[in-house]
Amino acid sequence: MRLTLFKISILLIIIGASGTGVVFSEAERVTEIMLLKQNESDDISMFFEANDIGYHKVTIPEFEGQGVFYRIVDENYDTISKGIVETKMSIRYFDVKETGVYTMVMTNLAQEKMNYEVEIGSTNAIIISIPAGVMFVGGLLLLFASYVKLKNYRIAQPDENIR
């Protein structure tokens with residue numbers, strides 16, 4: 001089997017995508033199920049390294065149109081991110097500037113008790129850049145290989161004088 005530029009680029013894309021999935025799946029995360037009454041709050045915390053990207057996922061199994069208010073705070077209780085989750089599932093990201101413990105504070109906005117499945121975790125942004133770079137190089141090679149193939153492609157035209 002002869003390796004062409006096209007096959008190499010597809011192989012690099014597959015390796016990069018697989019590596020990205022492995023790095024992301026091995027990242028640290030904390031999951032908790034919260035049962036909150038009206039206007040009640042609860043929190044979930046996790047340690048993050050500097051210059052990372054954190055994420056939080058909130059799932060509301062019995063969603064009926066009323067949401068939950070959240071705040072991401074650092075160790076000094078400075079607000080990093082805040083908002084209202086008004087869908088059955090929400091995933092959002094936040095920048096981690098300094099190493100330390102970051103806390104997600106949830107406040108129920110519904111009129112009745114609600115269950116919330118909350119996950120907070122790291123994306124390993126620094127480590128994930130290596131397989132993402134391999135995938136990017138594979139994509140560029142794929143574009144170049146496609147251009148080279150299409151540049152030399154000719155369409156056969158029938159003779160105009162045939163009757």
Side-chain angles (χ1 to χ4, degrees), residues 7-146:
K7 291 177 185 175
I8 292 171
S9 64
I10 294 294
L11 187 63
L12 285 175
I13 290 172
I14 291 170
I15 290 170
S18 300
T20 301
V22 167
V23 168
F24 188 72
S25 69
E26 291 178 352
E28 292 183 38
R29 63 180 59 96
V30 177
T31 305
E32 188 175 317
I33 297 176
M34 299 178 182
L35 177 63
L36 300 176
K37 298 176 185 170
Q38 182 180 10
N39 295 326
E40 188 178 33
S41 294
D42 197 0
D43 58 44
I44 182 171
S45 300
M46 187 175 143
F47 181 80
F48 287 92
E49 295 291 332
N51 299 321
D52 197 2
I53 297 174
Y55 75 93
H56 58 88
K57 179 172 94 171
V58 178
T59 306
I60 309 171
E62 304 115 20
F63 181 70
E64 295 177 4
Q66 296 179 337
V68 61
F69 177 75
Y70 72 89
R71 271 185 336 135
I72 307 290
V73 295
D74 61 10
E75 291 178 330
N76 302 324
Y77 285 94
D78 295 328
T79 300
I80 306 300
S81 176
K82 65 181 177 181
I84 297 176
V85 175
E86 296 179 306
T87 57
K88 187 170 179 94
M89 185 178 82
S90 172
I91 300 174
R92 297 188 184 158
Y93 298 89
F94 58 94
D95 291 326
V96 177
K97 304 278 190 222
E98 300 172 359
T99 300
V101 175
Y102 286 75
T103 304
M104 181 175 185
V105 181
M106 306 275 298
T107 305
N108 184 9
L109 299 177
Q111 301 296 325
E112 64 277 338
K113 284 196 278 187
M114 294 290 288
N115 280 322
Y116 300 102
E117 296 174 21
V118 182
E119 180 178 310
I120 185 169
S122 170
T123 60
N124 282 345
I126 296 169
I127 300 170
I128 213 166
S129 63
I130 295 167
V134 170
M135 193 167 41
F136 180 72
V137 168
L140 289 178
L141 284 175
L142 181 65
L143 285 173
F144 180 72
S146 300

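These values consider heavy atoms only, across backbone and side chains, with no hydrogens, waters or symmetry-generated copies.
- Partners of Arg92 under the salt bridge (Lys or Arg N to Asp or Glu O under 4.0 Å) rule, at least two apart in sequence or in another chain, do not exist in this structure.
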Please report, to 0.1 Å, the donor-acceptor pairs under 3.5 Å made by any side chain of residues 14-39, with sequence neighbours excluded.
| residue | atom | partner | partner atom | Å |
| --- | --- | --- | --- | --- |
| Ser18 | OG | Ile14 | O | 2.9 |
| Thr20 | OG1 | Gly16 | O | 2.8 |
| Ser25 | OG | Gly21 | O | 3.2 |
| Ser25 | OG | Val22 | O | 2.9 |
| Arg29 | NE | Tyr55 | OH | 3.0 |
| Arg29 | NE | Glu119 | OE2 | 3.4 |
| Arg29 | NH2 | Phe24 | O | 3.2 |
| Gln38 | NE2 | Gln111 | OE1 | 3.2 |

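- Between atom CD of residue Glu40 and atom NZ of residue Lys113 there is a gap of 9.5 Å, rounded to the nearest 0.5 Å.
- Between Phe47 and Thr99, some side-chain heavy-atom pair lies under the 4.5 Å cut-off.
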Exercise for the section: Go through Ile84 and Val68 one step at a time and tell me if the side chain to side chain contact (heavy atoms under 4.5 Å, CB included) criterion holds. Expected result: CA-CA 6 Å; Ile84 297 176; Val68 61; over 6 Å; no

Practice task
Give the C-alpha distance, both sets of side-chain angles, the deciding distance and a yes or no for ring pair (Phe, Tyr, Trp, His ring centres under 6.0 Å) between Phe94 and Phe48.
Solution key: CA-CA 11 Å; Phe94 58 94; Phe48 287 92; 5.6 Å; yes

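- Asp43 CG to Ile120 CD1: the interatomic distance, rounded to the nearest 0.5 Å, is 10.0 Å.
- Sorted by first and then second residue, the side chain to side chain donor-acceptor pair (under 3.5 Å) pairs with a member in residues 73-88 read Arg71-Thr79; sequence neighbours excluded.
- With contacts defined as side-chain heavy-atom distances shorter than 4.5 Å, the pair Ser122/Glu49 does not qualify.
- The line from CD1 of Ile72 to CD1 of Ile44 is 9.5 Å long, rounded to the nearest 0.5 Å.
- Note that the OG atom of Ser90 and the CZ atom of Phe63 stand 10.5 Å from one another [nearest 0.5 Å].
- Heavy-atom minimum distance, Leu141 versus Ser9: CB-CB, 3.6 Å.
- At a threshold of 4.5 Å between non-hydrogen side-chain atoms, the residues Ile53 and Asp95 count as touching.
- Counting non-hydrogen atoms of other residues, nucleotides and ligands closer than 6.0 Å to CD of Glu98 gives a total of 12 or fewer.
- Between Thr123 and Asp52 there is a side-chain heavy-atom pair separated by less than 4.5 Å.
- Taken from CG in Asn108 to CG in Asn115, the straight-line distance is 10.0 Å, to the nearest 0.5 Å.
- Interatomic distance, Leu142 CG to Ile13 CD1, rounded to the nearest 0.5 Å: 5.0 Å.
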Exercise for the section: Step by step, work out the side chain to side chain contact (heavy atoms under 4.5 Å, CB included) result for Met114 and Glu64. Expected result: CA-CA 10 Å; Met114 294 290 288; Glu64 295 177 4; 5.8 Å; no

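- Side chain of Thr103 to backbone of Ser45: no donor-acceptor contact under 3.5 angstrom is found.
- In this structure, the side chains of Val58 and Tyr70 stay at 4.5 Å or more apart for every pair of heavy atoms.
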